[in-house]
Amino acid sequence: TAKQRGKGNWVRFTTDLEQPVYADARLGGDLRRALDAGEFRLLYQPIVDLRDRRVIGVEALVRWHHPQRGMIPPLEFIPAAERTGLIVPLGRFVLRETCRQAAAWLTEFGPDALEKVEPNVSVRQLHDPDFVADVRAALADSGLPAERLVLELTESAVLRGPRVSQVLHEVHDLGVRLALDDFGTGESSLSLLRAFPAAMVKLDKSFVDGIEVGRPGTPETDARQAVARAVRQLAGALGLEAVAEGIENEEQVRQLRRLGYTTGQGYHLGRPMEADRITELLAGQRRAAVA
Ligand code: C2E
Ligand code: MG
Ligand code: MG
Ligand code: MG
């Protein structure tokens, strides 16, 4: 036990979700079972116009409601789903469910209520030969117009392979938009932007954190703000939208507005929530518009 090994011997008690490859086979089976049992559910986080605070879109974020473990966050199973290939059927579920829900909101609230829905897509899914057909089918079966779907892809060097590039252009040709997620954290941000048919970049939370700390004119504060400003200007110059992620307080909203951001997302503006809660938000916005 940890005690017997004595002081200073760090023993890590991992759950088997965190254990390496040999656990993947079991986890792969567990993920498959969970998918068939309907244990994956989507939450939706508002994407907000920073000027008038209207909800203009939502990001879909998957959760695993495990019968014994309770709610499991995506970072604890997405990597294993990617390694085992289960991300392909799981991602297909996320895509179809997001489109179905978005089409329902479109029917209930009309075309001006919610511009877009944004599921996350793993690069691994782009290597699946059926990916483009799946996207097309998710749109056709739900009736959601392609321009209301935005696929979020985490920027990574892997996005630059010729095969992946081909797939992204095919999806783009359907009228679906692409967002570079966690922008600024990858090693290839700038060169990727040239090759990638992106419509928007999502400024990573790490560049929003602390943006409001200190005083303008002090080197540290200026440096933090310079990155956010530069990303905003680069996006603008390339004709891309820039969205700020991970906004946790009002002062960050103020600073981001000052740096030219008009769209943002974060706990301060709305946590990831059940679809019903988004429906209530949209109903509230409709009442406010009528009043
Ligand atoms: P992401 O796509 O960058 O999503 C944003 C994450 O930041 C979400 O975590 C969200 O809940 C969290 N977040 C949003 N606002 C704030 C804030 O103000 N403060 C803080 N501290 N966090 C905030 P979540 O839901 O745990 O998802 C983590 C990551 O898992 C996502 O990062 C995405 O990369 C991945 N993911 C989630 N759902 C899916 C999915 O359906 N498919 C794939 N392939 N990946 C997914
Ligand atoms: Mg995302
Ligand atoms: Mg992100
Ligand atoms: Mg992220």
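Residues: numbered from 1 along the sequence shown. Read the numbers this way: they start at 1 and go in the same order the structure lists the ligands and their atoms.
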Decide whether an N or O pair under 3.5 Å exists between [X] and ligand 1.
{"X": "Tyr267", "result": "yes"}
{"X": "Ser122", "result": "yes"}
{"X": "Asp182", "result": "yes"}
{"X": "Arg63", "result": "yes"}
{"X": "Asp181", "result": "yes"}
{"X": "Ile78", "result": "no"}

Check whether any N, O or S atom of [X] sits under 2.8 Å from the Mg ion (ligand 2).
{"X": "Asp181", "result": "yes"}
{"X": "Glu59", "result": "yes"}
{"X": "Asn120", "result": "yes"}

How does Gln265 reach ligand 1, if at all, at less than 4.0 Å between non-hydrogen atoms: by side chain, backbone, both, or neither? neither

Check each heavy atom of Leu90 against ligand 1 and say whether those closer than 4.0 Å belong to the side chain, the backbone, both or neither. neither

Are any of the heavy atoms in Glu245 under 4.0 Å away from ligand 1? yes

4.0 Å heavy-atom contact, Lys205 with ligand 1: yes

Could you tell me which atoms of ligand 1, counted from 1 in the order shown, lie closer than 4.0 angstrom to a heavy atom of Pro272? 11 (O)

Against heavy atoms of Gly246, which atoms of ligand 1 measure under 4.0 Å? 16 (C), 17 (C), 18 (O)

Assess Glu152: does it contribute an N, O or S atom lying under 2.8 Å from the Mg ion (ligand 3)? no

Any N, O or S atom of Asp204 closer than 2.8 Å to the Mg ion (ligand 3): no

Pair Phe40-Val94, side-chain contact (heavy atoms from CB on, under 4.5 Å): steps then yes or no: CA-CA 9 Å; Phe40 293 102; Val94 168; over 6 Å; no

I'd like to know if Arg41 pairs up with Glu97 as an ion pair, taking the criterion as any Lys NZ or Arg NE/NH1/NH2 lying under 4.0 Å from an Asp or Glu carboxylate oxygen. no

Under a 4.0 Å threshold between the charged nitrogen and the carboxylate oxygen, would Arg177 count as salt-bridged to Glu241? yes

Going by the rule side chain to side chain donor-acceptor pair (under 3.5 Å), which residues pair with Ser122 if we only count those two or more places apart in sequence or in a different chain? Glu82

Tested for side chain to side chain contact (heavy atoms under 4.5 Å, CB included) against Val201, the lone hit among Leu193, Val243, Asp182, Asp181 is Leu193

Report the atom name of the nearest N/O/S atom of Asp182 relative to the Mg ion (ligand 3). OD1

